[in-house]
Amino acid sequence: MEIDRADGRTPNQLRPLSCSRNILHRAHGSASWSQGDTKVLAAVYGPKAGTKKNENPEKACIESICILTVNPNTTTSIIVQVVHDDGALLPCAINAACAALVDAGIPMKHLAVAICCCVAETGYVLLDPTKLEEQKMKAFAYLVFPNSILSVLPEVSSPAKGEPVEHGIITSITHGAMSGLASGHALLPVKEIMASSYLAFQVNCCQHKSSISHHFHVFKTLSSSVKPFLGELQQLSSRIDVSKAIKNTSVKFLDAFVDHVFEFIDQPLLPIQSNFAPVDELRAAVLIKSIEGEIPDDFPEGVYIRNGPNPLFGGFKSTKSLFGRSSHIWVEGEGMLHALYFKKGLDGSWIVVYNNRHVETETFKLEKQRNRPSFLPAIEGDSPAILSAYILNLLRFGKINKYISNTNVFEHSGKFYSVAENHIPQEINIFTLETLGNWDVNGTWNRPFTSHPKKAPGTGELVIMGVDATRPFVEVGVISADGNKLLHKVDLKLNRCSLCHEIGVTQRYNVFLDYPLSIDISRLVRGGPLIKYENEGYARIGIMPRYGNADSIKWFDVEPNCTFHILNCFEDGDEVVVWGCRALESIIPGPDLGLDKFEWFSRKFKHIEPVEESFDARTNDRLLFCRAYEWRLNMQTGEVKERNLTGTEFSMDFPMINGDYPGLQNKYGYTQIVDSKASSASGLPKYGGLAKLYFEEKNTEISMREVQSEELIKVEYHKFEEGVFCTGATFVSKGRGLEEDDGWIINFVHNENTNTSQVYIIDTKKFSVDDYFLCLERGRAASAKLSDFLRRSLQSQFSGNSSKAGLGIRTYPVKPVKEIMASSYLAFQVNCCRQKSSISHHFHVFKTLSSSVKPFLGELQQLSSRIDVSKAIKNTSVKFLDAFVDHVFEFMDQPLLPIQSNFAPVDELRAAVLIKSIEGEIPDDFPEGVYIRNGSNPLFGGFKSTKSLFGRSSHIWVEGEGMLHALYLKKGVDGSWIVVYNNRHVETETFKLEKQRNRPSFLPAVEGDSPAILSAYILNLFRFGKINKYFSNTNVFEHSGKFYSVAENHVPQEINIFTLETLGNWDVNGTWNRPFTSHPKKAPGTGELVIMGVDATRPFVEVGVISADGNKLLHKVDLKLNRCSLCHEIGVTQRYNVFLDYPLSIDISRLVRGGPLIKYENEGYARIGIMPRYGDADSIKWFDVEPNCTFHIFNCFEDGDEVVVWGCRALESIIPGPDLGLDKFEWFSRKFKHIEPVEESFDARTNDRLLFCRPYEWRLNMQTGEVKERNLIGTKFSMDFPMINGDYTGLQNKYGYTQIVDSKASSASGLPKYGGLAKLYFEEPNTEISMREVQSKELIKVEYHKFEEGVFCTGATFVSKGRGLEEDDGWIITFVHNENTNTSQVYVIDTKKFSGEPIAKITLPCRVPYGFHGAFMSTPLHIFEAL
């Protein structure tokens, strides 16, 4: 029955709410509250000294939310005045009182939210009745809910003792007769609406916003009736401890975000793949009754146990979201142990028991407790989807992916462990299969752990390794024989994360396989796959002493391959022999994105027919065909011998040997053999038999072609019947002292014809004979990866009695085991969630949402499949993410000290200004043109920092939108100078975007806490398609008559030099699509422009050559660096390009593991590369030099066999600044301190003064490789921003100029200030230096132009008088600012009279902030009137 309400509301709809605070002046807190036409005014007075009085009982709901113990023996009065009563008066009064308490700053456990519900004669429930409706109702309930059981104050985490909170209700008052249905059921949705209306928004860091509701227009799912609450909570958030809020509100908000944006979809299995599906836990062991054949009497008692993936929630998942798709790969899934226990009874008969159980890692327990898929897949899929999975998994759970522990089981020192590559092992109780916890070797091993540790022969020590996606990529360890101590741990110092699955050992050595299957986060960031096998990549094998280090490894280059599993390694004279199962491609992760996965695997699994072309010809098909292979590595000569050990009859993998022989020479090995036909048909590997390898016997039954090609070994096969496949095979030895191959192979098998799972026991002495023994049980047996047979007394579990009651056994069908090739590798293996029938099922944390809008979410959920993802990103997703940013991130101004005032931004003039105040005279022969300088001029008042649930991030001082400051100089008709000034922002794409929004939008993404920067990366990328803003604030240059503004993080912006209008990106007609150096160079003689681009992902540095007309990219080459060296300037000579590779690097992997994005490594290497103009990476000649940081080059030129490089060199980088947590101001102040002549040599590298910058010379001999280095000047002044006569770029020159640092002023302000200029005479010695400096090095002559105290310059540039005159005939023109008078000017200084007064001082109409580089464009101002 439907009820029509007079105001048109639905029965469960509230009237509009309105709240205002701080409306009374004398009260300590006040608020007005209205619900429709009902309005109440509340005032709070107190706390003040007093005692309790008899008051109305309704006050209990108020007392229960206040922390009375904060101010004992005090009275707080709440005065409520009814302005107008139109129904639901009491809830309105309580809500008003609560808002007033917030305004008064009274400590509160939670916010109280009150609502009135009434029951009509028909039994129907109405919410928030009007006065007229109240008169027609038979019963009322006034309910008061807390917004959360968690405290608003961080130190109070639960309700106080005795607090009247029951089932989330603080208090309730009823009038009239109310049925159980009405009170217990119908009101429940109301409770959900009101009680937690604010939970998701409790911790909000945008306190400077006037009202959060202004930023919540995209949350249209929220009822308008609750929006006023948000403003209250917005201001309340400033009193909440952020770090503790992460544990409650933030996680719930992020969960809601995931539930709303990500759809989890089951990955379907074909019927032919049915035994790859998971099974349920048995929950109790099962006595096996069905055994065909007989278990041998001499078979050892023990446990046959096998591991494998058994995904929770029904199978593997994919996700579909606004960011794209991501999926599990087939080796993922929570580990499940399948154990078969063998014990002899008193009568000599065998008791066999089977059990299974999940390995309960931390993440398993987390997801099991949630009872739904929660981790997002983070291995395979669209790059943005994987990146978002990374960040969301990390922020919600503190882990990038699930710990699946599904690959192997091993024993060490009497303890048993389950393991997969992406985490440390889990200790297990071998009898109950209970997971006992992490094994981190008493806290000494804190990284991933190989699935195949090896016991060192003779010592019993355990040799391990850990592969991680961030540096150090691979570490090797040695654990003591008792398992208590990590004896050795070493970083192999690899340059890539090679996904090595197994380590080998010999008697003396460890063996590491470095093949071209890699994890690469930078590749992922630039849009490629996280895991990739490079067919043309290099492969090598490393042999290192047991306790060696990275330098002790002897590397052997081998043919490219992928070898997950090793049969054995041993020493044979001077040779180390390695046997493994080798393929020419990796089964992990599978095909590239967009290819048909089933079709790809089907082709790769095809069988190699004997009549076909040699397998090594590497056709596109059959590359997963795996053969036993031998490498012989000569430790003396470095020689490598390689050969296949087996032919092409069967592909084989999952090798095993007698466990007494690891590291020792052995005669026999065993493998599972691939049923190529079944694997190709199913698109997943199936193993249709076993093989026994006779390493010391030749194969006499092979074809003539194979005999001629290579000497193959004898192989004996044990083939199963068609449709029967095995997994987890392992060798069980009869015992020491017998022959090596005396024993059995035991393995799980599954018969797909009957859907039954069994365990086969095969005598290895009668390997191909069909009369084997087997244990049989009805149903399906579980599928898995690797296994082991663990000998251990079962007396504690089976105490002399085989009765079912004594064993606690019940009958239960068993199920086979999924075979998985390599492992659950990596540090990034994330498992995920089951498909949702409706998104609203997962929206229980969004209790802010009215029940009336929940169906809308279901509609959106279904609608998402019909929406193009790329278009959705541009509308709904951006709005949702904007709302997320508005609620989670607080933008804060970075304060400037008074002494830093001229680093603050200025407004645009919007019109050019004629200059009237000029001191002195501009010379007649000064050229007409434009003096223009670029610099940082941040939007919205200055640099910003953000504080959020993820930590803090900040702009660094070189960021900020670029602003051009231009001085136009033109001669009038009468010969007098007309001077005009203008300024204007460089309007990049991101500038326009943020300007249109009229508020800070991009999150700082350079400096701060690693999670904050990573979240900024992801959120900026998803909202705007860009990781950071394009600042274009560093330099201005000209090429082919066009003018450009530039900064390193984007392509140049073409500008109209006269109007300063930004005309758009210059990408050289679409051929240059990466960052662009701020200092391109014109090649002498040709006029071609030599450029370079540095990026945080590979290729880290590329060099290009642009034609003289600017229309064509003539050359582009990757320098193939192994790090992203933040080189700021490229150099040129007549024939060469010059690249400075110093230890200031951008490293995303360092950021991911918690370090800074940009870091200067004091102990890192530095080198200079010289390459021919059109050379490639191989043509570069590298010269190692002393570690340094050199941002700016004076010049480079050729002098005989030498290339000479002059630059301004420091011993530390001014960017980005101190490490996180250090005082930035104090750090810069120390580093800017002056070097006194009496002090110790500057190169001694004290902690202070390392930013002291000196002109420096490197002479690099291209013939001998010799390097000569020297300082060109002493320690009188630090100097930077060098310049020369532009006609001499790349040619030998005599003079250079710099800005000189005022060390005292810079140290006082914590930012660089330049108090003068210097002229350097490169060919003249300095005759005025101290004896100490003369004795140390030959220094050059320097002339100084010092400004008066408090006057500082930026953007100085040299203006030549013209060609044909002397090199130093010209002027220095520079912007200066007088901090004493707060006026800005332009100085013109004659370089022939350098130390004299400026010949002209041009006073500007406004302040010009300190900036970066300037340039003088000598161009006719024929459209001067347009200015």
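Note that these values count all heavy atoms, side chains included, but never hydrogens, waters or copies made by symmetry. Remember, predicted model here, so these are calculated numbers, not experimental data.
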Rounded distance (nearest 0.5 Å) linking atom CE of Met963 with atom CG of Asn937: 4.0 Å
Under 3.5 Å: donor-acceptor pair, side chain of Thr1190, backbone of His1192: no
SB check Glu1161 Arg1150 (cutoff 4.0 Å): yes
Aromatic ring proximity Phe889/Phe950, centre distance under 6.0 Å: yes
Closest contact, heavy atoms only, Thr1374 versus Leu1317: CG2-CD1, 4.4 Å
Glu1226 atom CD, neighbour heavy-atom count above 12 within 6.0 Å: yes
side-chain contact (heavy atoms from CB on, under 4.5 Å) assessment of Cys1208 paired with Tyr1256: CA-CA 6 Å; Cys1208 290; Tyr1256 200 81; over 6 Å; no
Close aromatic pair by centroid cut-off 6.0 Å: Phe1375 and Tyr931: yes
Ile922 vs Val979 side-chain heavy atoms within contact, under 4.5 Å: yes
Within 6.0 angstrom of Lys1304 NZ, more than 12 heavy atoms from elsewhere: no
Lys/Arg-Asp/Glu bridge criterion (N-O < 4.0 Å) met for Lys1231, Glu1212: yes
Ile932 and Leu1060: CA distance, side-chain angles, deciding distance, side-chain contact (heavy atoms from CB on, under 4.5 Å) verdict: CA-CA 10 Å; Ile932 189 168; Leu1060 303 185; 3.9 Å; yes
Separation of Ile918 CD1 from Gln1385 CD (nearest 0.5 Å): 11.0 Å
Student check: side-chain heavy atoms of Ser1145 and Ile1158 closer than 4.5 Å: no
Side chain proximity check, Tyr1314 to Pro1312, heavy atoms < 4.5 angstrom: yes
Proximity of Phe926 and Phe1416 rings by center, below 6.0 Å: yes
Closest non-hydrogen atom pair between Ala1005 and Tyr1017, with its separation: O-CE1, 3.2 Å
Reported CZ-to-SG distance for the pair Arg1209 and Cys1189, which is rounded to 0.5 angstrom: 10.5 Å
Side chain proximity check, Ile1373 to Val1386, heavy atoms < 4.5 angstrom: yes
Residue pair Ser1045, Ser1032: steps toward the side-chain hydrogen bond (donor to acceptor under 3.5 Å, both in side chains) verdict: CA-CA 6 Å; Ser1045 168; Ser1032 198; 2.8 Å; yes
Heavy-atom donor-acceptor pair, His985 side chain to Glu961 backbone, under 3.5 Å: no
Whether Phe1228 and Phe1232 hold their rings parallel, tilted or perpendicular, with breakpoints at 30° and 60°: parallel
Shortest non-hydrogen contact from Ser1395 toward Tyr1344: CB-O, 3.3 Å
Non-hydrogen side-chain atoms of Ile1402 and Leu967 separated by less than 4.5 Å: yes
Side chain to side chain, Pro923 and Trp1371, heavy atoms closer than 4.5 Å: yes
Phe1347 and Tyr1387 aromatic centres sub-6.0 Å: yes
Check: Gly1355 main-chain N/O paired with Gln1299 side-chain donor or acceptor under 3.5 Å: yes
Shortest non-hydrogen separation from Ala1016 to Pro1004 and the atoms involved: CB-O, 3.3 Å
Note: Arg1023-Asp882 ion pair, threshold 4.0 Å (strictly below): yes
Worked check of side-chain hydrogen bond (donor to acceptor under 3.5 Å, both in side chains) between Thr1354 and Arg933: CA-CA 8 Å; Thr1354 59; Arg933 198 221 63 194; 2.8 Å; yes
Evaluation steps, side-chain contact (heavy atoms from CB on, under 4.5 Å), between Met892 and Lys944: CA-CA 5 Å; Met892 299 177 294; Lys944 307 297 177 187; over 6 Å; no
Shortest non-hydrogen contact from Asn934 toward Thr1034: ND2-N, 3.6 Å
Asn902 side chain to Val1408 backbone, donor-acceptor under 3.5 Å: yes
Glu994/Lys1029 under salt bridge (Lys or Arg N to Asp or Glu O under 4.0 Å): CA gap, chis, key distance, verdict: CA-CA 9 Å; Glu994 216 166 33; Lys1029 288 197 282 189; 2.8 Å; yes
Centroid-centroid distance, Phe1076 to His1050, less than 6.0 Å: no
Check: Gln894 main-chain N/O paired with Ser945 side-chain donor or acceptor under 3.5 Å: no
Ser936 side chain vs Glu959 backbone, donor-acceptor pair below 3.5 Å: yes
Parallel, tilted or perpendicular: rings of Tyr981 and His965 (30°, 60°): parallel
Distance (rounded to the nearest 0.5 Å) between Asn1049 CG and Tyr1030 OH: 7.5 Å
Contact check, side chains of Ile1372 and Phe1394, non-hydrogen atoms, under 4.5 Å: yes
Interatomic distance, Phe943 atom CZ to Ser954 atom OG [nearest 0.5 angstrom]: 11.0 Å
Salt bridge (Lys or Arg N to Asp or Glu O under 4.0 Å) between Asp1280 and Arg1254, intermediate numbers included: CA-CA 8 Å; Asp1280 201 357; Arg1254 301 164 76 180; over 6 Å; no
Whether Phe1358 and Tyr1297 hold their rings parallel, tilted or perpendicular, with breakpoints at 30° and 60°: parallel
Closest non-hydrogen atom pair, Glu1007 against Pro1216: OE2-O, 3.7 Å
Rounded distance (nearest 0.5 Å) linking atom CG of Leu1126 with atom CD1 of Ile1146: 4.5 Å
Ring centres under 6.0 angstrom apart (Tyr1410, Phe903): yes
Residues Glu987, Lys995: salt bridge by 4.0 Å N-O rule: no
Test: Asp1009 and Lys947 ion pair at under 4.0 Å: no
Beyond-backbone contact of Ser1015 with Leu1003, side-chain heavy atoms, under 4.5 angstrom: no
Steps toward side-chain hydrogen bond (donor to acceptor under 3.5 Å, both in side chains) verdict (Thr946, Ser948): CA-CA 6 Å; Thr946 63; Ser948 72; 5.4 Å; no
CA sep, side-chain torsions, deciding dist, call: Ile1193, Leu1140, side-chain contact (heavy atoms from CB on, under 4.5 Å): CA-CA 10 Å; Ile1193 295 172; Leu1140 308 182; 4.0 Å; yes
Over 12 non-hydrogen atoms of neighbours within 6.0 angstrom of CD in Glu908: yes
Full working for side-chain hydrogen bond (donor to acceptor under 3.5 Å, both in side chains) between His1377 and Asn1382: CA-CA 7 Å; His1377 183 73; Asn1382 197 31; 3.2 Å; yes
